[in-house]
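The structure appears below as structure tokens.
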Amino acid sequence: MDFFARAGLIFNGESACMKQGGDACGPVGILCSDTCSNHLLVSLISLLLVFAFLINFFIKAALSRNFRLQHLFSFSSPLKTTCAALNGSLGLVYLGVFVWILEEKLTKGTGFYPLHSWLIVLYTCLTWVIACLMVTMRVELLGGIFAKVWSASLTLFDGFLSASSILDLIVVKRQSIKLYLDIISFPVSIFMLVLVMKTSKTSMDSESSNISLYEPLKAEPDGNLVDLASVTPFASAGLFSKLSFWWLNPLMKKGYKKPLEEKDIPLLGKEDQAESRYSLFLERLNKLKQKQRTASPSVLRVIVSCHLDQILASGFFALLKVLTLSAGPLLLKFFINVSVGKGTSKYEGFVLAIALFLAKVLESLSQRQWFFRTRRLGLQVRSLLSAAIYQKQLRLSNSAKLAHSSGEITNYVTVDAYRIGEFPFWFHQTWSTSFQLCIALLILYNAVGLATIAAMVVIIVTVLCNAPLAKLQHKFQTMLMGAQDERLKAFSEALVNMKVLKLYAWETHFRKVIEGLREVECKWLKAFQLRRAYNSFLFWSSPVLVSAATFSTCYFLKIPLNASNVFTFVATLRLVQDPVRQIPDVIGVVIQAKVAFARIVRFLDAPEIKTRKHSMNTRKPIVISSASFSWDEHFLKPTLRNINLEISTGQKVAICGEVGSGKSTLLAAVLGEITKTEGMVHVSGKIAYVSQNAWIQTGTLRENILFGSIMDEQKYQETLKRCSLVKDIEMLTYGDLTEIGERGVNLSGGQKQRVQLARALYQDADIYLLDDPFSAVDAHTATSLFNEYVMGALSSKTVLLVTHQVDFLPVFNTILLMSDGEFTSAASFHELLASSKEFQELVNAHRNTVGAETLDQLDSDKRNKTATIEINNNDDGVKQPKPESTIGLDQLIQKEERESGNTGMKPYLQYLSQNKGFLLASLSALSHAIFMAGQISQNSWMAAKVQNPEVSMLKLISVYLAIGFGTVFFLLSRSIFVVALGMESSRSLFSQLLISLFRAPMSFFDSTPLGRILSRVSSDLSIVDLDVPFALIFSFSATVNAYSNIGVLSGVVWQVLFVAVPLIYLTILLQRYYLASAKELMRINGTTKSLVANHLAESVSGVVTIRAFEEEDRFFAKSLVLIDKNASPYFHNFAASEWLIQRLETMSAVILSSSALVMAMLPPGTFSPGFVGLALSYGLSLNMSLVFSIQNQCTLANYIISVERLNQYMHVASEAPEVIENNRPAPNWPAIGRVELQDLQIRYRPDTPLVIQGISCIFEGGDKIGIVGRTGSGKTTLIGALFRLVEPAGGRIIIDGIDIAKIGLHDLRSRFGIIPQDPTLFHGSVRYNLDPLEGYTDQQIWEVLEKCQLREAVQEKGSGLDSLVVEDGSNWSMGQRQLFCLGRALLKKSRILVLDEATASIDNATDAILQKTIRTEFADSTVITVAHRIPTVMDCTMVLVVGDGKLIEYDEPLKLINTEGSLFRELVNEYWSHTANTNM
């Protein structure tokens, strides 16, 4: 027994058990962490765990045949890497403590005894090193069961260690670094256990799942693999590189040397790509659907399950950051003890300085990983949602389209998805702030005892005060988003139809409508921002209130105040005040994300169109049996009723009927675009569809024709010839590689239709659905197209043609005659002519319009004469375009402009120079500066007087509180000034942008894709409204905080300036180095975002065509590429932000440690304890304040790019003035309507050839002028010149003696009437569409509806003049839309009326009635008619024939017909030659 006693003494020495009389070594003593029995038990368990691992490992290695060292480790997931880093870090810290204890013992001369005091730390260190190996090793090498048992044992062991350490802290009140390490080790071991359980479960199928999970949705067309060198280095970076952001160095270096371009930014890694995230989302969604067969699974739940490992990993780093941050105040307490000579060792100061440095570095490392991982997670969620929204809009039903306009869908991607993408970054703040507050309260309890309760009460009251406010904020945010949608919908509609607004002189009215919607939006914006400001004030003032309550309680409870407990309190408060101040931002982000998410989920849950089922019946490709169809499911009367149709392969079927009879709807029924209420539809074979309203993509002409198909030169050339496009392509600067503007703005109406026809023909489909494609082209081209295209190229194909042109009908197998949504008859031409009265009327109406009596004057041999002028007269094919290298130098659609390099203060000055911006910003900044000065004064007073016995405790606290409360009012004023600044600047910027866009010439809209403008008025404006004002003041306040921290620190310990000054200089250099790349990354992020918005908007408008050609996958794949293209600069931008902050934090840790080291080196008593506490309390928050400073500056630098982008479109070159006051025409001008063209020359842009080449002629007042010519001859351009949509390059237009270039545009355009080429309706009511300016009575409007054959159609809708017109007027047929435009002209009754191919989509019978109406109503007016139908201009006074922009001839129609060699005669001949077939 004596031997064992001696052995025990050697091992334990003089332990706690001896100090406590030996009782502590009993069974209860095991629970106390400083007893020999506890140390013995811990040492034995540690050794047992180490040996168990080693024995198992060597046995497995010996038995394994394929054992290789390089196959030992696996870093397959971020969680594994995180856990390994934590375990290893914990092992290293234990090793540091072990060395410290050993060194201390040798210094004191006590030798190695007692052994337990350092051996226990060594054994624990070994255990954590083994734990690190355990996590990184492949599970199969150790065995799944062993890994689980070992991890569970470690968790139980650490649970025991943690419990005994907490007991030691509370009961014995002994503090040491080892105790805190033991407490921290428990959550780390729990994390490891969860990971091991998860890893062992999925280890068997992890490889296969990784392969299948990221299989591409669609292979690349060329089959090329992505160049690995172009993928971000992050994808292949090692552990150290990821932790230190070293992988980003090459990009930062490149960005510093030269402004970054899009091609310099690496592609995202596979894991971050939209395709991978969306595939994973669908996979998890389908799994949940199988589990929950009744209800559809929650989208939120699916998204969380997709990213759970990343959420947990980032959450762990957040936890680690909070724990390391909380070590600061405890170390401060030890420092104050050292400064007054109460240190336990002469080296304690040095050790504390090193510990402080390590704690700050670990804090930095954990926070950077937390922020980076959550940003990356947000990016993945954003990409996933963007992809889901795009995919959804491809399948959206027609009823759902009414609830979700194109503007709203764009908003879901450009605003809502981005708001949700911001949420993960803030998510861990929700719980980590609370956890940090709990730890802070424990530290405060240790410092000031029961006074902590007062602090806790104030914090609880602050949070409770905010609860009702959060509900209000949620309500205001919802209303704000709704108002933003309405404004964006109106803005989008105005931008799309800007040409029509200018022709009608409605820009001012529509601008005022948008301004009204903006005012409503501003009302909710102000309400939301004021609540946010109040939140900000509440939480910024909470530290003042907490300190007031605590110190007052100390006074009443007679708790003594000294430097140690006061500055432990101040330091703790300073550390939690920044997270607490962020609570309003967290609440704001949560609310914004919640509202945005609800909107997106509502969209994703919207009804979808049913996919078209393909029948296998090759003999009967289209079979419709007893079917009814309705656009509106809730409408009692179906749009089409009792439809029975069987079409055989190769059959040609024509569909005829009056306007609104359901012709286009029948094609929609075949496509599956309309809801089938009853019956059966079977369609077999590939479909090609040509819509009535041409849909052209932004891109080259060749891309529009190929439409995703592989280039076959022979087939391509044949297609161009068949579609009469050869000559048109020759005229284009870059041939078929010419960039076509959005919606085909640089093509004429006829050219757009022929491009559509070429697209359909090149697809080589089985069924061709042609919706009146020949109405937009002239008679000759229509004949040529019909013969070459329908009867030639499509001779063996099944064709359904909607047409109003009776001339083509005799050659069709079957003609379907429709009326009011039903088939009235179906037979061949001659059968219908014999049996159907309605068809006879249709043919007779056509014959009457042809004007046989006029044509009888032509010689019979001339009647059949074929055209001598052919459009496709070039048999050699397409003229070779310029080499690829030159493409884009002079294209219409230029690459989006963006600022480059350092723009300095320019965007900030642009923002602040709006409505009193400088004044409001200065007042806000001054308020904050006074608040900061007050806080420093407060703490300096406490530092100077806390140890002074002459100053009573009451006076000490009273002065402290008086200063504190005095500063709070400046916080309130700061918040109010910020909201005022934001509102004034937002209003001013929007107003300037709106005026600039509405006053821009048409050339701007022709060359600027809609997506570029929409991304500015949606996401950029949203950032300017909500984020810029607060980012501006928070950036300033955080910077003031950081420099005041350095100022206080150097004020107490001036020696630190030797370290601080060079490091501050280095900080400025680093920030400049960072901003060189970051600004370009953010700008590229803005331009690539426009591409996403543009592609989405274009797809929404052309979704019927995309679905008809079954090209959804290709368009979705392109969308994924664009989403990734936009995500990559954003990813590298926030990674660059973390790269910068990590380096700055390390430098701030050096400054703080240097200060601490100086204090430790100088003899005790050099500094008063109060000032030591003051310096270190400010120094401890230096790290955080510097981070917030740089972070806010970087955030502001990113946000201010939005101001820069808005500014680009705020100064667009304007059109001529709307009104010239000293040169206004008389109120009744034009009284006569005489139009004189004098050598008129027009070019669209300065660097392009003339499109109108010196036309001179006179239109006498009251004359009826017909303008004819081939497609693309310049007819519509001539009309544009009359309305000054394009200004003359030379010559003049004089109307009733006034040069139209000398008067204001509004005065000019408002005096003319026009029925434009593209009939346009706006979202609203029938009344609003006819009379938006509200200048006419209901009776006048009904009379006009009667005259233009619309009264019955409007009455059928049920709501009369209040009947709904949806976006684009898509609930009215194309013919009805043209009739609405005629109605507008009839209401206005102008002296000059222009008809630009106004009745192209109307049947002949209706056309005849309308022509008669126009002749009657505008008998005294000058009517200028651009027409493709020759009969339309036969009764004109004069005919102007235009060819290639020149005046070919101008005379009376009869004279021209009788003139040999006349082009008009040839056009009439061509028309007659194909019309003559009708008489056969």
Side-chain angles (χ1 to χ4, degrees), residues 497 500-501 503-506 509-510 658-661 820 845 1228 1230 1233 1262 1264 1283 1309-1366 1368-1427 1432:
N497 302 306
V500 173
L501 297 187
L503 288 171
Y504 285 125
W506 286 351
H509 171 74
F510 272 74
E658 76 271 17
V659 171
S661 58
D820 194 27
N1228 66 336
K1264 307 296 176 275
F1283 283 83
R1309 293 166 183 168
S1310 62
R1311 307 298 175 89
F1312 295 169
I1314 184 166
I1315 306 174
Q1317 187 175 7
D1318 297 318
T1320 302
L1321 297 187
F1322 300 93
H1323 180 80
S1325 65
V1326 169
R1327 181 190 289 102
Y1328 179 73
N1329 271 278
L1330 286 168
D1331 179 28
L1333 306 182
E1334 299 176 352
Y1336 303 95
T1337 64
D1338 283 8
Q1339 187 183 348
Q1340 287 173 304
I1341 294 170
W1342 278 117
E1343 284 171 7
V1344 162
L1345 288 172
E1346 180 80 56
K1347 287 172 185 173
C1348 55
Q1349 313 291 304
L1350 274 173
R1351 187 180 187 114
E1352 194 179 328
V1354 171
Q1355 284 172 336
E1356 272 183 13
K1357 294 283 181 181
S1359 301
L1361 295 180
D1362 294 320
S1363 298
L1364 178 69
V1365 177
V1366 301
D1368 293 334
S1370 53
N1371 60 334
W1372 299 81
S1373 75
M1374 184 67 83
Q1376 286 170 328
R1377 286 181 236 173
Q1378 282 194 319
L1379 294 177
F1380 267 108
C1381 295
L1382 174 63
R1384 290 170 187 161
L1386 290 172
L1387 273 175
K1388 202 172 184 182
K1389 283 193 177 175
S1390 303
R1391 196 70 185 173
I1392 295 177
L1393 175 67
V1394 177
L1395 284 75
D1396 190 358
E1397 297 169 14
T1399 55
S1401 299
I1402 299 174
D1403 62 274
N1404 286 307
T1406 311
D1407 188 16
I1409 295 166
L1410 294 179
Q1411 292 298 339
K1412 186 180 177 184
T1413 305
I1414 290 168
R1415 281 196 294 271
T1416 308
E1417 295 291 324
F1418 295 96
D1420 300 326
S1421 300
T1422 305
V1423 180
I1424 302 167
T1425 307
V1426 173
T1432 309

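Positions are given from 1 along the sequence.
Considering every non-hydrogen atom in both Ile1315 and Cys1381, the closest pair reads CG2-CB, 3.7 Å. Closest heavy-atom contact between Ser1421 and Lys1264: O-NZ, 2.8 Å. A pairwise comparison of heavy atoms in Pro1230 and Ile1392 identifies CG-CD1, 3.9 Å as the closest pair. Taking each heavy atom of Arg1384 and Asn1329 in turn, the nearest pair found is NE-O, 2.7 Å. In terms of heavy-atom proximity, Gly1313 sits nearest to Phe1283 at O-CZ, 4.3 Å. Between Leu1361 and Val1354, the shortest heavy-atom distance links the atoms N-CG1, 4.4 Å.
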Passes side chain to side chain contact (heavy atoms under 4.5 Å, CB included), Thr1425 versus Leu1393? Steps please. CA-CA 8 Å; Thr1425 307; Leu1393 175 67; over 6 Å; no
Working note: Val1326 + Asp1362, criterion side chain to side chain contact (heavy atoms under 4.5 Å, CB included); need CA distance, chi angles, decisive distance, verdict. CA-CA 6 Å; Val1326 169; Asp1362 294 320; over 6 Å; no
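In this structure, the separation between CG on Leu1330 and NZ on Lys1388 is 13.5 Å, given to the nearest 0.5 Å. Asn497 contributes atom CG, which lies 8.0 Å from atom CZ of Phe510 (distance to the nearest 0.5 angstrom). Taking CZ of Phe1418 as the start and OG1 of Thr1413 as the end, the distance is 10.0 Å to the nearest 0.5 Å. With values rounded to the nearest 0.5 angstrom, Leu1382 atom CG is found 10.5 Å from Lys1347 atom NZ. To the nearest 0.5 Å, atoms CZ (Arg1309) and CG (Leu501) are separated by 10.5 Å. From Gln1378, atom CD reaches atom SG of Cys1348 across 12.0 Å, with rounding to the nearest 0.5 Å.
Using a 4.5 Å cut-off on side-chain heavy atoms (C-beta onward), Gln1376 and Leu1350 make contact. Between Arg1327 and Asp1338, the closest side-chain pair of non-hydrogen atoms falls below 4.5 Å. Considering only heavy atoms from C-beta on, Tyr504 stays 4.5 Å or farther from Pro1332 through its side chain. Counting only heavy atoms from C-beta outward, the side chains of Leu1395 and Val1426 never approach each other to under 4.5 Å.
At least one donor-acceptor pair under 3.5 Å links the side chain of Asp1331 to the backbone N or O of Tyr1336. A donor-acceptor contact shorter than 3.5 Å is absent between the side chain of Glu1417 and the backbone of Ile1414. Remark: side-chain polar atoms of Arg1391 are not paired, donor with acceptor, to backbone N or O of Arg1311 under 3.5 angstrom.
Counting heavy atoms of neighbouring residues, nucleotides and ligands inside a 6.0 Å radius, atom CD of Glu1352 does not exceed 12 of them.
A ring-centre distance under 6.0 Å is not found for Tyr1328 and Phe1322.
With sequence neighbours excluded, the residues that form a side chain to side chain contact (heavy atoms under 4.5 Å, CB included) with Arg1351 are Trp1342, Leu1345, Glu1346, Gln1355.
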